[in-house]
**Q** 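Next up is a structure, given as structure tokens.
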Number of protein chains: 2
Amino acid sequence: MNGPDTFRQKRERMLSILAWFRLSRFYHQSIRRSNQHLKKWNMTVAQFDVLVQVGSNVRISQQDLADQLLVTKGNMTQLLSKMEQLGWIQREREWKIKYITLTDAGRELLDEVLPVQEQFQADQFGKLTIEEKKQLTALLKKIQS
Amino acid sequence: MNGPDTFRQKRERMLSILAWFRLSRFYHQSIRRSNQHLKKWNMTVAQFDVLVQVGSNVRISQQDLADQLLVTKGNMTQLLSKMEQLGWIQREREWKIKYITLTDAGRELLDEVLPVQEQFQADQFGKLTIEEKKQLTALLKKIQS
DNA sequence: TATCTTCAGTTTAATACTAAACTGATAAAA
DNA sequence: TTTTATCAGTTTAGTATTAAACTGAAGATA
């Protein structure tokens with residue numbers, strides 16, 4: 001049953017590719033805008049994402065952080081080293097695990113940036129109605145189910 | 001009129017953030033899978049995207065290529081240098097513009113990889129029906145309209 | 001006790017990507 | 001004709017990111 005594609009299959013493939021193209025286009029633009037925006041606080045999107053995750057957990061290990069943010073643990077090591085050096089987070093070793101928490105400075109920074117950046121991020125979806133946002137989320141959720 | 005957010009505003013912001021989270025999650029996973037897949041041909045997603053764009057145009061300038069792929073021209077210079085070195089593309093200077101075309105080897109490679117990679121990419125949307133794919137594309141289009 | 005396994009985190013080498021400064025050629029204006 | 005503006009492409013310095021190899025500590029097992 002590995003014959004030539006049917007018309008329907010070709011059509012489906014084309015629709016997927018179109019969707020991917022749109023999605024990737026939007027993602028790139030959005031990331032770039034956010035990075036520009038976060039420059040005011042000398043911060044990158046990757047760092048912001050870490051701050052948010054750490055800020056919303058009492059204590060979280062590096063590995064769990066990497067899993068939640070969908071990056072490799074190697075990437076996490078490097079990000080956290082930089083952020084530790086900047087004085088935003090601290091690492092506490094316990095057994096063989098390193099737990100991450102915000103420093104006071106990190107907490108302060110996050111409190112300042114979070115609402116502004118969230119609004120900025122949200123504005124990128126401004127053309128959609130509430131219903132459409134729900135639809136979009138539902139579709140993306142279904143893709144990965 | 002800069003008072004505290006209304007309930008509706010908060011709700012809208014939350015929905016946007018959820019959508020962004022889903023989208024970004026999917027994007028990352030998809031890119032990573034594709035990179036793994038393209039490794040068979042010693043190729044990255046960025047290079048594949050360039051090959052496709054160059055392959056579907058008779059002649060395209062570096063700047064136009066960068067615009068179409070939504071990357072900076074600096075990035076394009078580097079990508080193309082590598083790809084030229086690999087013998088996939090060639091640059092022809094005309095006036096002050098450099099036009100890019102596929103070499104025979106590049107064309108051959110693209111012909112081999114394109115259908116497989118497109119199918120691989122499309123499979124990532126496999127959980128969606130035709131209608132849902134259309135919806136997704138329409139929503140993403142609207143966001144950027 | 002000695003050795004194996006597992007797993008968190010680190011390191012390394014590579015690509016990707018950006019912003020910003022720079023180069024150099026063309027075209028326009030003085 | 002000389003100067004200026006514009007614009008394609010390059011370079012540079014920095015962050016992000018990955019895969020894969022490595023380190024080192026716990027715990028299991030022989």
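Residue numbers begin at 1 in each chain, while the letters A, B, ... track the order of the sequences.
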**Q** Quick one: B/Gln62 CD to C/dA25 P, roughly how many Å, whole number?
**A** 16 Å

**Q** Using the test ring-ring contact (aromatic ring centres under 6.0 Å, His included), find all partners of B/Trp88 that sit at least two apart in sequence or belong to another chain.
**A** none

**Q** Report the residues that fulfil side-chain contact (heavy atoms from CB on, under 4.5 Å) with B/Ser34, sequence neighbours left out, ordered by chain and then residue number.
**A** B/Val45, B/Gln117, B/Phe120, B/Gln121, B/Gln124

**Q** Listed in order of residue number, which residues of residues 87-101 of chain B have a non-hydrogen atom at under 4.0 Å from DNA chain D?
**A** B/Arg91, B/Lys96, B/Ile97, B/Lys98

**Q** C/dA14 P sits how many Å from B/Asn42 CG, rounded?
**A** 14 Å

**Q** Go through D/dT11, C/dT11, C/dT15 for me and flag the one nearest to the A/Thr77 side chain.
**A** C/dT11

**Q** Ignoring hydrogens and angles, state whether a donor on the side chain of B/Gln90 or B/Thr101 is under 3.5 Å from an acceptor on the partner side chain.
**A** yes

**Q** Can you give me the N/O atom pairs linking the protein to nucleotides 17-22 of chain D at distances under 3.5 Å, or say none if there are none?
**A**
{"unit_1": "D/dT17", "atom_1": "O5'", "unit_2": "A/Asn75", "atom_2": "OD1", "d": "3.3"}
{"unit_1": "D/dT18", "atom_1": "OP1", "unit_2": "B/Arg32", "atom_2": "NH2", "d": "2.9"}
{"unit_1": "D/dT18", "atom_1": "OP2", "unit_2": "A/Thr72", "atom_2": "N", "d": "2.9"}
{"unit_1": "D/dT18", "atom_1": "OP2", "unit_2": "A/Thr72", "atom_2": "OG1", "d": "3.1"}
{"unit_1": "D/dT18", "atom_1": "OP2", "unit_2": "A/Asn75", "atom_2": "OD1", "d": "3.4"}
{"unit_1": "D/dT18", "atom_1": "O4", "unit_2": "A/Gln78", "atom_2": "NE2", "d": "3.4"}
{"unit_1": "D/dA19", "atom_1": "OP1", "unit_2": "B/Gln36", "atom_2": "NE2", "d": "2.7"}
{"unit_1": "D/dA19", "atom_1": "O3'", "unit_2": "B/Lys39", "atom_2": "NZ", "d": "3.2"}

**Q** Rounded to the Å, how far apart are A/Asp67 CG and C/dA8 C1'?
**A** 11 Å

**Q** Test of understanding: with ring-ring contact (aromatic ring centres under 6.0 Å, His included), list the residues that count as partners of B/Phe48, not counting sequence neighbours.
**A** none

**Q** Round to a whole Å and report the spacing from CD of B/Gln63 to C1' of C/dA25.
**A** 16 Å

**Q** Without placing hydrogens or testing angles, list every side-chain donor-acceptor pair under 3.5 Å for residues 12-19 of chain A, not counting sequence neighbours.
**A**
{"unit_1": "A/Glu12", "atom_1": "OE1", "unit_2": "B/Lys133", "atom_2": "NZ", "d": "2.8"}
{"unit_1": "A/Arg13", "atom_1": "NH1", "unit_2": "A/Asp5", "atom_2": "OD2", "d": "2.8"}
{"unit_1": "A/Arg13", "atom_1": "NH1", "unit_2": "B/Gln119", "atom_2": "OE1", "d": "2.5"}
{"unit_1": "A/Arg13", "atom_1": "NH2", "unit_2": "A/Asp5", "atom_2": "OD2", "d": "2.9"}
{"unit_1": "A/Ser16", "atom_1": "OG", "unit_2": "A/Glu12", "atom_2": "O", "d": "3.2"}
{"unit_1": "A/Ser16", "atom_1": "OG", "unit_2": "B/Lys133", "atom_2": "NZ", "d": "3.1"}

**Q** Please give, in whole Å, the distance from C/dC17 C1' to B/Ile31 CD1?
**A** 12 Å

**Q** What residues form a ring-ring contact (aromatic ring centres under 6.0 Å, His included) with B/Tyr99, not counting sequence neighbours?
**A** none

**Q** Atom CG of A/Asn35 to atom P of C/dA16: distance rounded to whole Å?
**A** 19 Å

**Q** Whole-Å distance between D/dT10 P and B/Lys82 NZ?
**A** 17 Å

**Q** Partners of A/Phe21 by ring-ring contact (aromatic ring centres under 6.0 Å, His included), sequence neighbours excluded?
**A** none

**Q** Once side chain to side chain donor-acceptor pair (under 3.5 Å) is applied, do any residues pair with B/Arg59, and if so which ones, sequence neighbours excluded?
**A** B/Glu94

**Q** Look at the side-chain N and O atoms of B/Ser81 and state whether any lies under 4.0 Å from the OP1 or OP2 oxygen of D/dT10.
**A** no

**Q** Have A/Arg91 and A/Ser81 got a donor and an acceptor in their side chains that come within less than 3.5 Å?
**A** yes

